[in-house]
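Taking it in order: structure first as structure tokens, then the write-up.
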Amino acid sequence: MLRTQTCGDLRKSHLGEAVTLCGWVDKYRDHAGIVFIDLRDRYGKTQVKFDLAENSDIQKSARGLRHEDVIQVTGKVCARPDGQANPKLATGEIEVLVRDMVVLNKSATPPFEPDGQTLPNEELRLTHRYLDLRRPALQKHMLLRHQLAKAVRDYFDRLDFLEIETPMLGRSTPEGARDYLVPSRVHEGAFYALPQSPQLYKQILMVAGYDRYYQIARCFRDEDLRADRQPEFTQIDVEMAFVERDDIFRIIDGLVAEMVRTVRNEELPLPLPRYTYQEVMETYGTDKPDLRFGLPIVDVSEIVRDSGFGVFKQAVEQGGRVRGLCVKGAAEKFSRRILDNDLKNLVGEYGAKGLAYFKVAGGKLESSIAKFLNDEQQQAVIAKMQGEDGDLLLYVADAWKVSCAALAALRNRLGRELELYDPASINAAWVVDFPLLTWNPEENRWDAEHHPFCSIVDEDVQHLAGDPGKIRAQSYDLVCNGYEAASGSIRIHDSAIQQQIFDLLNISPETAQAKFGFLLDALKYGAPPHGGIALGFDRWVMLFAGCDNIRDVIAFPKTQRAGDLMTGAPSQVDSRQLRELHIKIDAAAAQPGKPESAETVKTPNG
RNA sequence: GGGGCCGUAGCUCAAUUGGUUAGAGUACCGGACUGUCGAUCCGGGGGUUGCGGGUUCAAGUCCCGUCGGCCUCGCCA
């Protein structure tokens with residue numbers, strides 16, 4: 001070892017010991033006769049001192065040290081003089097008086113300093129990710145990620161789950177997300193697909209008798225990115241045989257509690273609450289509500305349908321709804337400009353044609369449109385909204401789906417802006433009874449809401465023939481702080497029922513056989529009832545880290561255009577490689593200017 | 001595919017109505033200094049204002065295009 005301790009280890013108890021430390025030069029303070037270096041590694045920082053009186057040669061060379069140089073120092077642990085301790089450092093009571101130093105590696109002037117006061121833009125951070133990852137904040141996230149992964153493995157191990165790896169090179173299946181494809185050299189014109197999830201493999205593992213499976217699995221989806229979505233991401237993938245929905249809930253409740261215990265040292269009250277899809281859509285307008293605060297959506301359609309306000313009236317007449325939020329004590333918190341521009345534009349992004357608002361004052365409604373509601377209607381609205389003087393009432397009058405999306409977005413923004421919750425808190429709950437199918441008007445057919453292997457609620461079998469839209473799926477989401485944090489279902493284990501669902505989805509027996517024949521075959525050979533779930537691991541790390549983008553908890557994330565700014569991936573490849581893969585590039589697509597090799601990436605000092 | 005924000009020194013930012021030689025802090029280089037810890041003080045170098053067009057007597061500023069980053073709608077079974 002090149003060191004005896006780390007830069008986070010030394011305390012007063014080490015006084016007088018000879019130690020050797022290695023690390024990066026974090027800060028240097030040169031006083032000519034004495035030089036202080038803050039030496040940093042991932043465990044902490046230690047002040048090391050070069051004194052002219054101690055070793056003049058070393059002291060002189062120490063004056064040449066700069067940010068991010070890597071050095072090894074040997075010396076004695078000394079107490080700092082009275083009043084010179086640094087309470088900001090865990091090692092702040094001591095310093096190391098250096099007798100000997102080796103510059104292990106001189107650093108070029110870094111484009112930014114890992115301990116800088118201001119964070120450079122993300123483009124630069126991603127280009128020099130090795131510097132970004134030296135930042136204590138990101139090191140904390142990587143540690144958190146490791147601790148959570150370990151907690152997950154320990155938990156499942158205790159419960160007799162087996163971690164089983166499934167292939168990365170698989171077969172492309174229809175529906176779902178766009179696949180990342182890998183061309184085959186051996187099979188001309190054929191492609192593997194990287195897994196969107198290990199869904200089919202884990203079901204087959206159930207058939208194979210591995211009744212408790214989990215995997216921390218990498219998944220790939222070639223879809224557009226978001227703050228909480230990366231093209232490659234990590235799922236905690238779980239599947240169990242001989243279980244019902246409640247068994248899954250119990251196991252996953254325990255997992256979430258274990259994670260909270262591990263990283264927060266808190267006991268999460270169990271079981272986690274459960275809400276139906278209908279409930280949360282009515283009350284929060286989304287299937288992934290942020291339950292850290294109230295601010296429920298209230299429907300006043302029946303009250304205002306007969307009012308003199310055309311917008312409300314027509315919305316209801318056309319089969320839509322008039323729904324709104326009662327924002328407590330906020331009557332004076334938003335200027336007319338904010339209401340008529342910012343908030344109206346916000347709901348407009350979700351298709352809402354407008355935003356109506358009232359203030360509650362003197363037990364009545366106040367606003368430019370209050371006159372269209374008579375006294376009785378005003379009282380009914382206030383009562384239904386549970387409004388009081390000083391409250392602000394906001395309404396979207398539109399089709400059901402539009403009012404859901406618009407009010408959900410509005411509710412999230414108000415919750416955040418008005419600080420209606422503790423941003424560090426974790427609030428998880430189950431959402432159950434999703435519809436099995438959604439009608440696809442473009443294709444004129446039913447689409448699976450979850451996936452085509454999802455079983456249905458027993459008593460809804462009656463709707464299979466008549467009213468498929470009413471069928472509830474035995475599927476469930478775990479939502480946390482407004483994110484979809486997990487999603488799963490009880491699967492179909494009967495090939496005949498599976499075929500019925502394929503019929504509904506307009507997947508012919510021939511197509512089904514061609515695409516998922518291996519699964520249908522497997523289901524014929526003694527498939528146990530089974531079900532499972534997958535948790536978005538990156539999102540959970542993000543939630544526990546208290547940050548709002550997934551890139552900050554992934555060591556080497558990709559940009560919104562799915563590029564890696566550090567390596568320059570994706571890149572063009574050698575024509576020989578393409579020939580071997582039997583691939584010809586369309587000349588128009590081969591234009592330069594797309595993501596390129598790392599050589600074109602801007603480097604410091606030219 | 002659509003909407004929005006952004007791009008000026010290595011970095012973080014400023015630059016009046018379109019107006020003179022594009023500034024500051026920090027980093028970097030040189031010098032001073034034996035108790036600092038965002039060290040301090042003195043001096044210095046550093047600019048294709050992302051890129052390409054256009055308007056104008058004059059463009060960092062206005063217009064068009066393009067590249068890149070972020071947020072978002074669609075998309076993500």
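Here is how names work: the chains are called A, B, and so on, in the same order as the sequence lines, proteins then strands, and each is numbered from 1.
For the atom pair CD1 (A/I58) and CG (A/L52), the distance works out to 12.0 Å, reported to the nearest 0.5 Å.
Across the P atoms, B/rG10 and B/rU49 are found 12 Å apart, a figure rounded to whole Å. Taking atom C1' on both nucleotides, B/rC6 is separated from B/rU61 by 16 Å, rounded to a whole Å. B/rG35 and B/rU21 are spaced 44 Å apart, taking the C1' atom of each and rounding to whole Å. For the P atoms, the distance linking B/rG54 with B/rA59 amounts to 12 Å, nearest Å. Comparing the C1' positions of B/rC28 and B/rG74 gives a spacing of 47 Å, expressed to the nearest Å. Nucleotides B/rU55 and B/rC64 are separated by 11 Å at their C1' atoms, to the nearest Å. Using C1' as the reference atom, B/rG52 and B/rC67 are 10 Å apart when rounded to the nearest Å. B/rA14 and B/rA24 have their P atoms separated by 16 Å, with the value rounded to a whole Å.
Across all strands shown, B/rC5 forms a Watson-Crick or G-U wobble pair, both distances under 3.5 Å, with B/rG69. Pair assignment for B/rG74 gives none, since no Watson-Crick or G-U wobble pairing has each distance under 3.5 Å. Pair check for B/rA14 finds none; no Watson-Crick or G-U wobble contact set falls under 3.5 Å. Taking a pair to require two hydrogen-bonding distances under 3.5 Å in either a Watson-Crick or a G-U wobble arrangement, B/rU61 remains unpaired.
The main-chain N or O of A/K45 is found under 3.5 Å from a side-chain atom of A/T91 such that the two form a donor-acceptor pair.
Residue contacts for A/R551: at a heavy-atom cut-off of 4.0 Å it reaches the sugar-phosphate backbone alone, with no base atom in range. Within the nucleic acid shown, A/D30 comes within 4.0 Å of at least one base atom, counting heavy atoms only. Residue A/N121 is classed as a sugar-phosphate contact, given heavy-atom separations below 4.0 Å to backbone atoms only. Among the protein residues, A/F112 comes within range of no part of the nucleic acid, since none of its heavy atoms lies under 4.0 Å from any strand. Counting non-hydrogen atoms under 4.0 angstrom, A/E349 reaches the backbone sugars and phosphates but no base. A/Q59 comes within contact range of no nucleotide atom at all, as no heavy-atom separation falls under 4.0 Å. Contacts of A/Y350 with the nucleic acid, taken as non-hydrogen atoms under 4.0 Å apart, involve only primed sugar atoms and P, OP1 or OP2.
Enclosure of atom NZ in A/K106 by more than 12 non-hydrogen atoms of other residues, nucleotides or ligands within 6.0 angstrom is indicated.
Rounded to whole Å, the distance from CG on A/D228 to P on B/rC76 is 15 Å. The CZ-C1' distance, from A/F36 to B/rG35, rounds to 4 Å in whole Å. For the pair A/R226 CZ and B/rC73 C1', the interatomic distance rounds to 7 Å; values are reported in whole Å. Atom CG of A/L124 is separated from atom C1' of B/rA9 by 14 Å (rounded to the nearest Å). Atoms CZ (A/R561) and P (B/rC70) sit 10 Å apart, rounded to a whole Å. Protein atom CZ of A/R539 is 14 Å distant from nucleotide atom P of B/rC76, rounded to whole Å. If you take NZ of A/K60 and C1' of B/rU34, they are 14 Å apart, rounded to a whole angstrom. Here B/rG68 presents its C1' atom at 8 Å from CG of A/L565, a figure rounded to the nearest Å.
Below the 3.5 angstrom threshold, one finds a donor paired with an acceptor across the side chain of A/Q47 and the base of B/rU36. A donor N or O paired with an acceptor N or O is found under 3.5 Å between the base of B/rC76 and the side-chain atoms of A/R229. Contact annotation: side chain of A/D115 to base of B/rG38, donor-acceptor pair absent below 3.5 Å. With hydrogens and angles ignored, a donor-acceptor pair under 3.5 angstrom links the side chain of A/R80 to the base of B/rC37.
Here A/R29 reaches the OP1 or OP2 of B/rA39: one of its side-chain N or O atoms lies under 4.0 Å away. Phosphate contact (OP1/OP2 of B/rC37, side-chain N/O of A/K49, threshold under 4.0 Å): absent.
When distances run from any side-chain atom of A/Q560 to the nucleotides B/rU72, B/rC37, B/rC33, the shortest one goes to B/rU72. The side chain of A/P81 lies closest to B/rG35 when the candidates are B/rG35, B/rC73, B/rG69. Distance from the side chain of A/T559 is smallest for B/rC70 among the nucleotides B/rU34, B/rC70, B/rC75. When distances run from any side-chain atom of A/E95 to the nucleotides B/rC70, B/rG35, B/rG1, the shortest one goes to B/rG35. Nearest to the side-chain atoms of A/H31 among the listed nucleotides B/rU34, B/rC37, B/rC75 stands B/rU34.
The aromatic rings of A/H451 and A/F453 sit tilted, their planes meeting at an angle between 30° and 60°. Taking the six-membered ring where the residue is Trp, A/Y180 and A/F220 present perpendicular rings, their angle passing 60° and hence far from 30°.
Every residue two or more places apart in sequence or in another chain that forms a side-chain contact (heavy atoms from CB on, under 4.5 Å) with A/P120 is listed here: A/F112, A/L124, A/R125. Every side-chain contact (heavy atoms from CB on, under 4.5 Å) that A/Y28 has, sequence neighbours left out, goes to A/V25, A/I37, A/R66, A/H67.
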Please list each protein N or O that sits under 3.5 Å from an N or O in nucleotides 24-30 of chain B, with the distance.
unit_1, atom_1, unit_2, atom_2, d
B/rC28, OP1, A/Y28, OH, 3.2
B/rC28, OP2, A/Y28, OH, 2.9
B/rC29, OP2, A/R66, NE, 3.0

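Here A/D26 pairs with A/R40 in a salt bridge; the nearest charged N to carboxylate O distance falls below 4.0 Å. Between A/R135 and A/D115 no salt bridge is recorded (no basic side-chain N to carboxylate O distance below 4.0 Å). A salt bridge between A/K353 and A/D398 is present, with a side-chain N of the basic residue lying under 4.0 Å from a carboxylate O of the acidic one.
Aromatic rings of A/F233 and A/F537 (six-membered ring for Trp) have centroids beyond the 6.0 Å cut-off, not under it.
Each of A/A177 and A/K558 lies near RNA chain B, and the nucleotide nearest A/K558 is the one positioned closer to the 5' end.
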